[in-house]
Amino acid sequence: MSVIRHPLSKQLSSVSNYLPIQQLDVFDAFEPGKTEYWSANWKVVMENAMESYHLFKVHRKTLETVTPTQDAYYTAGCSRWALTGGTIKSFLGFGKPEDYQLLMLPPNFVAIIDPVSFSWMSVIPRHAGETEVQSGSLIYNDHGSNRSTRKFTDRFFAEDQWICERVQRGMNSCSGKGGTLVEAERIVVDFHHFLASRLFGCPSIPIYRTSTSRESRN
């Protein structure tokens, strides 16, 4: 895969138009995550990290109770970046439901932005069947680290590792043809366009955007 040669600022030049939730410079403390090694290809891990369609199945007792699949929506994206969003129910100190946004920056970065944190995952290939997963968060100093929040995060990370490693084993099948992506997985299409641009020199696709208002989704 060839290296992206244009500056990150150019890659992200249009993202700020779609990030109304939070000014990122308000976070003033760093909370380190973990470094883990998953027995799965890095592309499998990236696709799992970016789409919300699997939450109701894989994370039924964790993330689905907090960020329901049915509330997830696509905001905008192209082969250089993509944004989705959803609703966080009363949790982590929120007194009422709040929106979050998910930012995907290919080839290997996914972040969740909500009113109290900026959390990310960095996906680093080790070899075809193993991926290094690094994570961390920016938070408010006065919000502080929460042991129950860390435990909750560890639980759904373990669920993601389990499903990614299961999918990886299925990749060895000679008869499997893969499934059809649904609208809720549009961000995966953006990632595939990125891969096509780097592997085969396909042209970048223009930004595709949808309305993100809650009223328009009801």
Side-chain angles (χ1 to χ4, degrees), residues 1-19 35-55 57-58 69 72-86 101-113 119-135 157 160-210:
M1 183 178 295
S2 58
V3 178
I4 299 176
R5 300 189 181 281
H6 52 72
L8 183 61
S9 58
K10 182 178 179 181
Q11 182 181 356
L12 301 180
S13 60
S14 52
V15 173
S16 59
N17 297 328
Y18 304 94
L19 283 171
T35 297
E36 301 179 345
Y37 298 91
W38 297 6
S39 298
N41 185 271
W42 71 276
K43 297 185 289 298
V44 170
V45 178
M46 275 295 291
E47 290 185 8
N48 176 82
M50 70 181 67
E51 56 87 7
S52 301
Y53 186 56
H54 73 284
L55 301 186
K57 187 68 172 179
V58 177
T69 301
Y73 56 89
Y74 181 90
T75 303
C78 56
S79 53
R80 299 184 306 278
W81 57 265
L83 280 167
T84 64
Q101 288 184 302
L102 182 148
L103 171 64
M104 184 272 291
L105 297 178
N108 66 335
F109 185 83
V110 176
I112 299 289
I113 309 161
S119 302
W120 70 85
M121 172 188 285
S122 180
V123 177
I124 304 170
R126 300 284 291 183
H127 54 72
E130 183 178 86
T131 299
E132 179 179 332
V133 178
Q134 299 180 355
S135 61
F157 260 57
D160 278 327
Q161 180 177 0
W162 173 80
I163 194 63
C164 285
E165 292 181 348
R166 184 177 180 184
V167 169
Q168 182 64 33
R169 292 194 296 271
M171 298 289 285
N172 294 320
S173 171
C174 296
S175 58
K177 297 181 180 179
T180 301
L181 295 176
V182 300
E183 182 64 25
E185 299 170 294
R186 180 180 289 273
I187 192 171
V188 178
V189 176
D190 295 326
F191 182 59
H192 288 182
H193 278 292
F194 165 78
L195 294 175
S197 71
R198 312 316 295 176
L199 292 170
F200 310 114
C202 297
S204 298
I205 60 172
I207 296 172
Y208 177 88
R209 55 185 176 272
T210 61

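Just the heavy atoms: all of them, side chains too, but no hydrogens, waters or symmetry mates, feed the values below.
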>> If we ignore hydrogens and angles and just use 3.5 Å, is the side chain of N41 paired with the main-chain N or O of A128 as donor and acceptor?
In response: yes
> To the nearest 0.5 Å, how far apart are OG in S14 and CD1 in I207?
Replying inline: 3.5 Å
> Where is the tightest heavy-atom contact between M121 and V45, given as atom of each residue plus distance?
Replying inline: SD-CG1, 4.4 Å
>> Are S52 and T69 packed together at the side-chain level, in the sense that at least one heavy-atom pair is separated by less than 4.5 angstrom?
In response: no
> What distance separates I187 CD1 from M50 CE, expressed to the nearest 0.5 Å?
Replying inline: 6.0 Å
>> Please give me the minimum heavy-atom distance between Q161 and Y37, naming the atom from each residue.
In response: NE2-O, 3.7 Å
>> Show the nearest heavy-atom pair for residues G86 and Y73, with the distance to one decimal.
In response: N-CE2, 3.4 Å
> Between Y18 and W81, what is the ring plane arrangement, given parallel below 30°, perpendicular above 60°, and tilted in between?
Replying inline: tilted
> For the residue pair Q168 and G129, what are the closest heavy atoms and their distance?
Replying inline: NE2-CA, 4.5 Å
> If you round to the nearest 0.5 Å, how far is CG of L195 from SG of C202?
Replying inline: 10.5 Å
> How far apart are the C-alpha atoms of M104 and D190, what are their side-chain angles, what is the distance that settles it, and do they pass the side-chain contact (heavy atoms from CB on, under 4.5 Å) test?
Replying inline: CA-CA 9 Å; M104 184 272 291; D190 295 326; 4.2 Å; yes
>> Walk me through whether Y208 and R186 qualify under side-chain contact (heavy atoms from CB on, under 4.5 Å).
In response: CA-CA 10 Å; Y208 177 88; R186 180 180 289 273; 3.4 Å; yes
> How would you list, by chain and number, every residue that makes a salt bridge (Lys or Arg N to Asp or Glu O under 4.0 Å) with R126, sequence neighbours excluded?
Replying inline: E130, E132
> In terms of the angle between their ring planes, are F109 and W120 parallel, tilted or perpendicular, with boundaries placed at 30° and 60°?
Replying inline: parallel
> Does the pair F157 and V133 meet the rule for a side-chain contact (heavy atoms from CB on, under 4.5 Å), with working shown?
Replying inline: CA-CA 10 Å; F157 260 57; V133 178; 4.3 Å; yes
>> If I take atom CZ from residue R80 and atom CD1 from residue I205, how far apart are they, to the nearest 0.5 angstrom?
In response: 9.0 Å
>> Could you check whether any side-chain N or O of T131 sits under 3.5 Å from a backbone N or O of A40, counting only pairs where one atom can act as donor and the other as acceptor?
In response: yes
> For C164 and N48, which heavy atoms make the closest approach, and how far apart are they?
Replying inline: SG-CB, 3.5 Å
> With Y53, which residues qualify under ring pair (Phe, Tyr, Trp, His ring centres under 6.0 Å), at least two apart?
Replying inline: F56
>> Are the side chains of L83 and V15 in contact, using a 4.5 Å heavy-atom criterion?
In response: yes
>> Measuring from atom CD of E185 to atom OG1 of T84, what distance do you get when rounded to the nearest 0.5 angstrom?
In response: 12.0 Å
>> Does H54 form a side-chain contact (heavy atoms from CB on, under 4.5 Å) with D160? I'd like the steps, not just the answer.
In response: CA-CA 10 Å; H54 73 284; D160 278 327; 3.4 Å; yes
>> For P206 versus C78, what's the shortest heavy-atom pair and its separation?
In response: O-CB, 3.8 Å
>> Quick check for you: to the nearest 0.5 Å, what is the distance between L102 atom CG and I112 atom CD1?
In response: 3.5 Å
> In chain order, what residues pass the ring pair (Phe, Tyr, Trp, His ring centres under 6.0 Å) check against H193, with sequence neighbours excluded?
Replying inline: none
